[in-house]
Amino acid sequence: MTESIIQLRNLTKRFDGGTVAVRNLDLDVIEGEFLCFLGPSGCGKTTTLRMIVGLETPTSGEIFLRGERITDWPPQRRNIGIVFQNYALFGHMSVYENLAFAMRIRGQARERYDGRVRQMATELQLGEVLEVRAARLDLSTMQRVAMARTLLAEPQILLLDEPLNNFDPGLREGMRAELKRWQHQFGTTMIYVTHDQEEALTLGDRILVMRDGEVEQLASPMEIYRRPQSLFVASFIGRPAMNLLTADMEDGELQLPGGVRLDLGRLGMAQEGMPARPVAGIRPEHLVPSPSAGELVRLEATVDLVRPQAAKTIVDLRLGHDVTLQALVRSPYREAVGARVAFGFDPHKVVLFNADSGRSIG
């Protein structure tokens with residue numbers, strides 16, 4: 001049985017003025033996993049991280065580390081490492097001095113920690129800059145120093161608060177790969193806070209999607225992408241986002257804009273309990289141009305806009321006057337704006353939502 005290293009129980013954080021940053025959060029962090037907290041700014045993900053490490057005190061609820069209640073423990077007693085967005089290095093000190101700082105102020109002799117510092121520097125490719133002042137380092141090297149310094153403390157869990165925000169897109173992609181490689185190398189449980197869905201989908205073993213201080217969904221990246229549990233997750237995850245079309249129910253069929261009909265039986269669903277106007281979600285890449293006869297449901301639309309993106313092209317399709325959807329197809333796409341075209345989709349990949357509750361159906 002997989003063990004939890006961190007347990008959050010009914011965790012709530014309310015700030016002065018009544019703002020609720022986190023509300024009744026329950027979470028089990030699995031030993032050795034890379035867990036991503038994902039959501040827009042102000043959703044509560046960083047506040048949750050700060051409560052775990054001890055920089056914020058919960059208004060109510062409990063925090064457990066390996067089964068022991070640590071809700072009121074000071075940060076230094078928890079043995080939980082954290083890497084901030086600005087890395088918090090001592091700019092006037094060398095890389096070696098930054099790495100050795102915590103051990104030195106605890107009174108350890110250099111001969112006791114020197115080997116560990118140099119070994120960690122080798123593992124994170126810092127050997128050539130050990131004598132360089134931190135203020136002279138580039139961003140990627142600063143991040144590696146911050147990671148090395150934290151890992152030298154041998155934390156039980158490592159928290160990362162949007163550490164790649166300052167990177168340009170090209171370097172950011174490379175550092176994602178490095179982070180994942182380090183996590184596999186050291187086997188440390190990591191919680192990573194980000195508002196970037198691409199980072200979460202790339203890095204996470206699981207993703208916790210948050211909105212307004214509450215959990216929208218907790219699952220693997222593929223499960224969240226394929227089967228979002230709410231309209232928020234469906235619209236937040238994916239570039240382009242999932243197409244959301246309001247449907248009408250009639251005689252066991254979903255009637256979508258453009259005259260498209262879906263038999264509930266084909267979806268393995270019954271009409272009983274189905275709302276009168278559910279929302280159907282279709283991923284843009286699940287729309288196939290010029291479908292041949294077969295299992296695909298056919299729809300006809302007018303090309304509204306074509307946006308080439310190297311290997312892929314986004315095609316905006318208009319169904320009627322006020323309904324549009326997006327298809328993601330291979331480049332090049334040769335149909336012109338204004339052309340009447342046919343697309344198809346697999347009905348089993350459609351996700352249905354209750355428009356009132358915002359939650360998925362079935």
Side-chain angles (χ1 to χ4, degrees), residues 2-15 18-65 69-71 80 82 157-162 189-238 241-242 244 279 281 351-362:
T2 304
E3 294 186 358
S4 299
I5 184 170
I6 288 282
Q7 300 89 33
L8 309 182
R9 294 293 179 260
N10 204 30
L11 201 64
T12 295
K13 178 62 179 181
R14 183 178 292 104
F15 289 107
T19 300
V20 180
V22 179
R23 187 191 308 272
N24 303 326
L25 175 60
D26 287 309
L27 175 66
D28 285 72
V29 181
I30 299 170
E31 180 93 49
E33 78 170 325
F34 199 126
L35 175 63
C36 288
F37 288 178
L38 174 66
S41 297
C43 71
K45 53 189 186 296
T46 293
T47 300
T48 302
L49 203 73
R50 290 173 64 84
M51 286 191 286
I52 292 172
V53 78
L55 298 177
E56 295 283 358
T57 302
T59 304
S60 60
E62 307 292 343
I63 303 171
F64 297 90
L65 175 62
R69 183 182 180 278
I70 64 168
T71 314
I80 296 175
I82 186 166
I157 185 169
L158 179 58
L159 313 181
L160 300 107
D161 189 9
E162 304 202 77
T189 307
M190 293 188 183
I191 301 178
Y192 186 98
V193 164
T194 181
H195 63 272
D196 186 323
Q197 58 163 299
E198 188 174 334
E199 280 187 2
L201 292 168
T202 300
L203 293 171
D205 298 317
R206 292 192 300 163
I207 300 174
L208 178 77
V209 183
M210 297 184 70
R211 180 177 68 151
D212 297 334
E214 297 184 350
V215 175
E216 286 283 325
Q217 187 170 355
L218 172 62
S220 70
M222 191 58 67
E223 178 68 16
I224 282 178
Y225 190 77
R226 289 181 173 176
R227 294 291 170 185
Q229 291 182 357
S230 71
L231 286 168
F232 173 79
V233 176
S235 60
F236 189 74
I237 300 290
M242 178 176 275
L244 300 172
V279 176
V351 184
L352 298 181
F353 302 91
N354 187 311
D356 295 327
S357 68
R359 306 304 296 178
S360 64
I361 301 170

A.B. asks: Are any side-chain N or O atoms of Q217 and backbone N or O atoms of Q229, one a donor and one an acceptor, separated by less than 3.5 Å?
C.D. replies: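 Yes; judged by distance alone, with no hydrogens or angles, the pair exists.
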
A.B. asks: Between CG of L38 and CZ of R206, what distance do you get to the nearest 0.5 Å?
C.D. replies: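 Going from the CG atom of L38 to the CZ atom of R206 covers 14.5 Å.
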
A.B. asks: Report the distance from atom CG of L201 to atom CD1 of I207, rounding to the nearest 0.5 Å.
C.D. replies: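 Rounded to the nearest 0.5 Å, the CG-CD1 separation comes out at 4.5 Å.
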
A.B. asks: Tell me the closest heavy-atom pair linking A200 and C36, and the distance in Å.
C.D. replies: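 Answer, listing the atom of A200 first, then C36: CA-SG, 3.8 Å.
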
A.B. asks: Heavy atoms only: give me the nearest I224-V233 pair and the separation to one decimal.
C.D. replies: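 Here I224 and V233 meet closest at CG2-CG1, 3.8 Å.
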
A.B. asks: Knowing that exactly one of D26, D28, N24 qualifies, which makes a side-chain hydrogen bond (donor to acceptor under 3.5 Å, both in side chains) with R9?
C.D. replies: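 Among the candidates, only D28 passes.
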
A.B. asks: Can you tell me if R226 has over 12 outside heavy atoms packed within less than 6.0 Å of its CZ?
C.D. replies: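 Incorrect, the count does not exceed 12.
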
A.B. asks: To the nearest 0.5 Å, what is the distance between CD1 (I191) and CD1 (I157)?
C.D. replies: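 Rounded to the nearest 0.5 Å, the CD1-CD1 separation comes to 4.0 Å.
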
A.B. asks: How close do A21 and F15 get, heavy atom to heavy atom, and via which atoms?
C.D. replies: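 Taking every non-hydrogen atom into account, CB-CE1, 3.4 Å.
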
A.B. asks: Does the side chain of L25 reach to within under 4.5 Å of the side chain of T12, using non-hydrogen atoms?
C.D. replies: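 Contact flag for L25/T12 side chains = no.
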
A.B. asks: Can you tell me if CZ on R227 sees more than 12 non-hydrogen neighbours from other groups inside 6.0 Å?
C.D. replies: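 Yes, because the 6.0 Å sphere around CZ of R227 holds more than 12 heavy atoms from other groups.
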
A.B. asks: Does the N10 side chain pair with the main chain of G61, one donor and one acceptor, at a distance under 3.5 Å?
C.D. replies: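 Absent.
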
A.B. asks: Is L11 close to L27 at the side-chain level, that is, under 4.5 Å between some pair of heavy atoms?
C.D. replies: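 Heavy-atom side-chain distance check fails, nothing below 4.5 Å.
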
A.B. asks: Roughly how far, to the nearest 0.5 Å, is the CG atom of D205 from the CZ atom of F34?
C.D. replies: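 So the CZ of F34 and the CG of D205 are separated by 8.0 Å.
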
A.B. asks: Less than 4.5 Å apart, any side-chain heavy atom of L8 and any of I52?
C.D. replies: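 Yes, at least one pair of side-chain atoms sits under 4.5 Å.
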
A.B. asks: Short question: side chain of K45, backbone of V209 - any donor-acceptor pair under 3.5 Å?
C.D. replies: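 No; zero donor-acceptor contacts below 3.5 Å.
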
A.B. asks: If only atom types and distance count, is the side chain of T189 paired as donor or acceptor with the main-chain N or O of E31 below 3.5 Å?
C.D. replies: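 It does not hold such a pair.
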
A.B. asks: On a heavy-atom basis, which atom in A234 and which in P228 lie closest, and how many Å separate them?
C.D. replies: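 Result for this residue pair: N-CB, 3.7 Å.
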
A.B. asks: Do you know the tightest heavy-atom contact between A355 and L231?
C.D. replies: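 Shortest heavy-atom separation between A355 and L231 comes out as CA-CD1, 4.4 Å.
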
A.B. asks: With a 3.5 Å distance limit and no angle check, can you tell me whether E199 reaches the backbone of D196 through a side-chain donor-acceptor pair?
C.D. replies: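 No, the answer is negative, given that no donor and acceptor are paired below the 3.5 Å cut-off.
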
A.B. asks: Given 3.5 Å as the limit, does a donor-acceptor pair link the side chain of K13 with the main chain of T57, or not?
C.D. replies: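 Answer holds: yes.
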
A.B. asks: Which heavy atom of V193 sits nearest a heavy atom of T46, and at what distance?
C.D. replies: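 Looking at all heavy atoms of both residues, the shortest contact is CG1-OG1, 3.6 Å.
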
A.B. asks: Without swapping roles, check the side chain of T48 against the backbone of G44 for a donor-acceptor pair under 3.5 Å.
C.D. replies: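 Yes; at least one donor-acceptor contact below 3.5 Å.
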
A.B. asks: Please report the interatomic distance CE(M210) to CZ(F236), rounded to the nearest 0.5 Å.
C.D. replies: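 Reported to 0.5 Å precision, the distance equals 12.0 Å.
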
A.B. asks: State plainly whether the residues R50 and E56 are in salt-bridge range, i.e. N to O under 4.0 Å.
C.D. replies: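 Looking at R50 and E56, the cut-off is met.
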
A.B. asks: Indicate yes or no: at least one non-hydrogen side-chain atom of F232 is less than 4.5 angstrom from one of D212.
C.D. replies: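 No, side chains not in contact.
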
A.B. asks: Indicate yes or no for a side-chain donor-acceptor contact from E62 to the backbone of R69 under 3.5 Å, with no hydrogens or angles considered.
C.D. replies: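 The answer is no, because no donor-acceptor pair under 3.5 Å joins these two groups.
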
A.B. asks: First locate atom CD of E33, then atom CD1 of I5, and finally report the distance between them rounded to the nearest 0.5 Å.
C.D. replies: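 Spacing of CD (E33) from CD1 (I5) equals 10.0 Å.
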
